[in-house]
Amino acid sequence: MSDPRQRFENATGTIPERLYEQMALIRRFEVRLLELFEEGVLFGTTHCCIGQEADCAGVISHLGADDVIFSNHRCHGHFLSYTDDPRSLMAELMGRLGGVCGGRGGSQHICYDNMYTNGIQGGIVPNAVGMALAEKMKGSGAIATVFIGDGTLGQGVVYEAMNMASLWSLPILIVCENNEWAQSTPTRLELAGKITARAAAMGLNTSEITSTDGVEMYEHFAPIVESVRRESRPHFALINTYRLCHHSKSDDKRPRDEVEARRVDDPIPKLRARLDESTAARIEEIAAERVEDAIKWSREQPFPELGRHLDALDLVDARGVGGDSGQVQS
Amino acid sequence: MSDPRQRFENATGTIPERLYEQMALIRRFEVRLLELFEEGVLFGTTHCCIGQEADCAGVISHLGADDVIFSNHRCHGHFLSYTDDPRSLMAELMGRLGGVCGGRGGSQHICYDNMYTNGIQGGIVPNAVGMALAEKMKGSGAIATVFIGDGTLGQGVVYEAMNMASLWSLPILIVCENNEWAQSTPTRLELAGKITARAAAMGLNTSEITSTDGVEMYEHFAPIVESVRRESRPHFALINTYRLCHHSKSDDKRPRDEVEARRVDDPIPKLRARLDESTAARIEEIAAERVEDAIKWSREQPFPELGRHLDALDLVDARGVGGDSGQVQS
Amino acid sequence: MKDNVLNSLNAGLRSILESAPEAFIMGEDILDPYGGAFKVVAGLSTDFPDRVIPTPISEAGFIGLATGAAMRGMRPVVEIMFGDFLMLAADQLLNHATKYPWMYNDKVRVPLVIRAAMGARRGYGPTHSQSIEKHFFGMPGLVVVAPSPFHDPGALLKSACVEDHRPVLFVENKLMYARRLQRPDADGLVAGMNVRSSGGRYPTVSLSFDDFAEADVTLVAYGGMAEIAVEAATTLMMEQEISAEVLLPSSLNPLDLEPLVDAVKRSGRLVVAEESTQTAGFGSEVISSVLPAAFDRLKAAPVRVSSKNLPIANTVTLESEILPQVADIVSAVRRIL
Amino acid sequence: MKDNVLNSLNAGLRSILESAPEAFIMGEDILDPYGGAFKVVAGLSTDFPDRVIPTPISEAGFIGLATGAAMRGMRPVVEIMFGDFLMLAADQLLNHATKYPWMYNDKVRVPLVIRAAMGARRGYGPTHSQSIEKHFFGMPGLVVVAPSPFHDPGALLKSACVEDHRPVLFVENKLMYARRLQRPDADGLVAGMNVRSSGGRYPTVSLSFDDFAEADVTLVAYGGMAEIAVEAATTLMMEQEISAEVLLPSSLNPLDLEPLVDAVKRSGRLVVAEESTQTAGFGSEVISSVLPAAFDRLKAAPVRVSSKNLPIANTVTLESEILPQVADIVSAVRRIL
Ligand SMILES: Cc1ncc(C[n+]2csc(CCOP(=O)(O)OP(=O)(O)O)c2C)c(N)n1
Ligand SMILES: Cc1ncc(C[n+]2csc(CCOP(=O)(O)OP(=O)(O)O)c2C)c(N)n1
Ligand SMILES: [Mg+2]
Ligand SMILES: [Mg+2]
């Protein structure tokens, strides 16, 4: 079972170094991913989180083995911070049998231990709140964390879910990564009013941070995660950040100068500056090796074929797979 | 075309008297309705607004011939304030051909001039906001008003619509009648946080009034309606009130003493106290006569039969009915 | 306690809560003393206060929550007050609850039951009377089940909740709540007919005036149309000695094809009755599914009986004109004989 | 400008805005320079800045707004980026847009067009590849239209927006965008076949290697399956001299029954192909609707070709196994010959 908090605590090196290990891996993974797309090795589309890596490492390093994570279309970074398993993600993106969902899910539809993702905006929030409800009913002490973007605040179901989370005092952390754009739409064309006020009006605790600094992010979220767990109260955490890459693959029509001006906030050089050069270089090297290994390994995996599952309703017959509980572990 | 503002201005008598005319008519209408249900003359179910009559008269008397109104399941009062036409409502509730929708719609599904109602919670808010958008695009100067209950704030689409109303600066007045209950559920079990803050967080203007006094309500809404029209900005107006009758027909399981304690707020005696006895009695008498007339008239109307409309898709062929515009007037 | 559908369902829910610790109930207005709009959950919040959770009016939201809870080992049973409101949660069903199991490579299960009160004939008007289950047929991974007075509704519900690992839409016709359960009499007859059941988790019940050897026509119906179909069969027998075998599936999706095909092969004639509108519904699916195996034995084109393609009017005259009645089934049968 | 489906639709939208002052366009990411996820609206916001309204990610909300606007005399054309997201607005369609006209006793019209990009074969995975239009069949009052490269997509869209008073769901297969329009060559042939059209607002196009007098089988398909069906017909002709007449309706609901019945009567064999899953879909409806009139002429049981009953996998191998291919149609035809 993935345990990012344990992994983070067990890691050697300073806090910035440990964060850099995650963030450099994420960056390297996605940069290579975009190259692989150009090569034609990948299918469909994919959403990279280049520029937002601090959020992944800064939040998820506080989550333990029992905690639940729900992410969205832009989930690779969250996945790598959670699992530290680039092979199974890369294989999934290449559509291979060895991929985390055997090629069925692809970039946006992933499940690994207690992490889930889906490509429909908003609907994951009630799902995650329901998971928090289940954990509370089971008394597991776990919390659920769900990541959404600014644009996703357009979905009404987010408010329905926040209201219930607040009414029933559920241990849910909603992390809203406001990267100023939703696909091609700037925030000002899609959101009226004030983001945190929307959650506060429903009785959620709220917080806001404007940063792309991994260390700041990590420190900011320590007490937040702790309080959601301790108080079993929902918290809405707004992160103001910026997306430095395309929305998906190759579709960036934002003003070039706007994007260029934000490169100063790039979380990778920002965090790198806190490390000494040789440590940074070593971390990057390891990240690069791991990504190449993942690519190589994935290329060797076969493509899946439809096996026994010729009908989604067959699941009922496959009693052996998971017994009586809703959760079937991989 | 119904013009409640004009009708209100043209009426003789003091402001309290004019309001009392409307409110006494609504009360009488609904009290008789509940009796008719006991008699078995009516079908299905119905939602009365006994206790909330001040809202109907206080808001709608400010709306003009071009303005649009959208109401919900609890719409008789709004309807009577808007149309002053008890016959066509009574006939509809009795399922007669002479009813406002020929018996097709019934209590919750009514259309009359620029007024519309529907029995699905929440979905009417985007519809009404879209009407405000249309009026703004057409430059008609009209505003749209939509009535919802506190429980309806559970529907996500309300927030989606508020956000767009605010983003696009639309002339929409959302009136939320918080009667402390949604069917059998008290507000505290369904709403977390603060109601007006939800709208304010999306950039709407907001206001709040706790009253069942017709005159207070009328005065409170004068500048609100005026500002929505002048500024073409959305406004969310919260009215704190109480429902003195069943949710629908005969299903009241609220604590008896809670309900009894609220009878002091009954808007009818409250407003009556502002009138002299003989005027009040005369108004009540007229109201009673009009309701009996509506009942008598309705009983004489035939029941409808399916005519040419054997398929909802036939509408396209019925070119004669309404020409090319979306709106076909009755 | 009357031996009716309502009480059977209520007892089924009670038994679920007693036997499955992971089960809980969610929905609007389900607390006592109100006990739900149709009283199916009456008494349960009193006896299981932590496991009956009243929700805000947020159909998409609470079905979404139930889905998440089901993925984490719970067994939620959700009540949708009027089935008409289920469309609000259609995305949660299509793109969330039913997608997760297969899309995640069988890593999760979503043992979620959604009970929805469908159906008309009570004068509730266009938005509170529909039978919209057909719009949910053919979502990969979704099971649609409908009891009738000829089934054991409570037992079906318990199977769906406790034995099935898949999301189940459980369709309750609201007129049916007050109907007595149709149990075999001393002679083993139900409504004067012989009865047999296909068995299994969601059985198909068959009724025949004869011994199931042959019939002039096969009548298929479910839920609220079950008793109407039986009444039509009785009329046909009494008035014209036409022998109609009535098949009442409880699983609408997937279809339990075997008993259907078997019956149609014997009779050569098929009439399917449903309360919904006709297009792309239950009847279309039954007919298209039965054809490949039974084509050679068909003596006439199968016929669908359904509502007219209109919203369901509020007033009683229009409502009954719009809805399928006994006479519509009878005349459909006569047309193909 | 290539003579393809995308440009035809784009030109259709432009012509709508030019000719109908009440028309406007709404949807996500539709402003230039982005011009919509599939570029169908490209250039329009530049030329009609007030009439191309970019929305938040609120499918239910903006379809609800469009409905209200349509009731007040506007003619909104809404874009749903991926048709998969349409379920979010299912309640707005079922209980609002389609209900109002009849329920209000014909006092209002809702001339609303919803364009939705459906379909797979691009590796977009389980939530961005579906063809879910079938779930909207049989909502009283809703028209469902789908162009193909054999129709004039822009003209169809313009009819839906400017001539029709009813809510129309306009289904655009996304793989089809890049396909060339199939227009008659110098000999009047399309894809080597004779062509004719039923005419009317939403015509059914028929293709035949012969002169439409007879055929061994009638193949029915729409949207993205149109070219696949034509390819199957070509294969059948080339490899086995089997003559398949291909019927391509553009109105999916209601069905234009006459040409279908006519063709099936001539051939006696029917295969319906659709990209969606099978249950209660287009095929079921076509088969059940054609049966009463064509039963006596049928030589074999009609067959449905469709996706497997699974979510659409992301990876190419599974995706193609799941989706209906030319070979599936060919072998379905062979099975009933
Ligand atoms: C319900 C729904 N509508 C639309 C989309 C298409 N879509 C995918 S990502 C996206 C933008 C999301 O913006 P935001 O929430 O800000 O997240 P970001 O992409 O910026 O991380 C859109 C519109 C979707 N996936 N789901
Ligand atoms: C979408 C939807 N869900 C549930 C209902 C059933 N229902 C009708 S009225 C009502 C309570 C509404 O409460 P509120 O909004 O406070 O209005 P009130 O009845 O108090 O005027 C409910 C749950 C409905 N009509 N629509
Ligand atoms: Mg964003
Ligand atoms: Mg209320």
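Using a 4.5 Å cut-off between heavy atoms, D/Met81 touches chain A through its side chain atoms alone. Contacts between D/Ile30 and chain A at a heavy-atom distance below 4.5 Å are absent for every atom of the residue.
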Between chain D and chain A, identify every pair of one donor and one acceptor N or O atom lying under 3.5 Å apart.
from	atom 1	to	atom 2	distance (Å)
D/Asp29	OD1	A/Ser184	N	2.8
D/Asp29	OD1	A/Ser184	OG	2.8
D/Asp29	OD1	A/Thr185	N	3.3
D/Asp29	OD1	A/Thr185	OG1	2.7
D/Tyr34	OH	A/Gln183	NE2	2.9
D/Ile57	O	A/Gln155	N	3.4
D/Ile57	O	A/Gln155	NE2	2.7
D/Ser58	OG	A/Gly154	O	2.7
D/Glu59	OE1	A/Gln155	NE2	2.7
D/Thr127	OG1	A/His109	NE2	2.6
D/Asn309	O	A/Ala312	N	2.8
D/Asn309	ND2	A/Asp311	OD1	2.9
D/Asn309	ND2	A/Asp311	OD2	3.4
D/Asn314	N	A/Arg104	O	2.9
D/Thr315	N	A/Gly103	O	3.0
D/Thr315	OG1	A/Gly95	O	2.7
D/Thr317	OG1	A/Pro304	O	2.8
D/Glu321	OE2	A/Leu306	N	2.8

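For the residue pair A/Gly105 and D/Pro126, the shortest heavy atom distance occurs at O-CD, 3.6 Å.
Qualifying salt bridge (charged side-chain N to carboxylate O under 4.0 Å, His left out) partners for D/Arg335, counting only residues two or more places apart in sequence or in other chains: none.
For the set A/Gly103, A/Gly106, A/Ala182, A/Gly156, the entry with the most heavy-atom pairs within less than 4.5 Å of chain D is A/Gly103. Taking D/Pro311, D/Gly61, D/Ala313 one by one and counting their heavy-atom pairs under 4.5 Å with chain A, the maximum is reached by D/Ala313.
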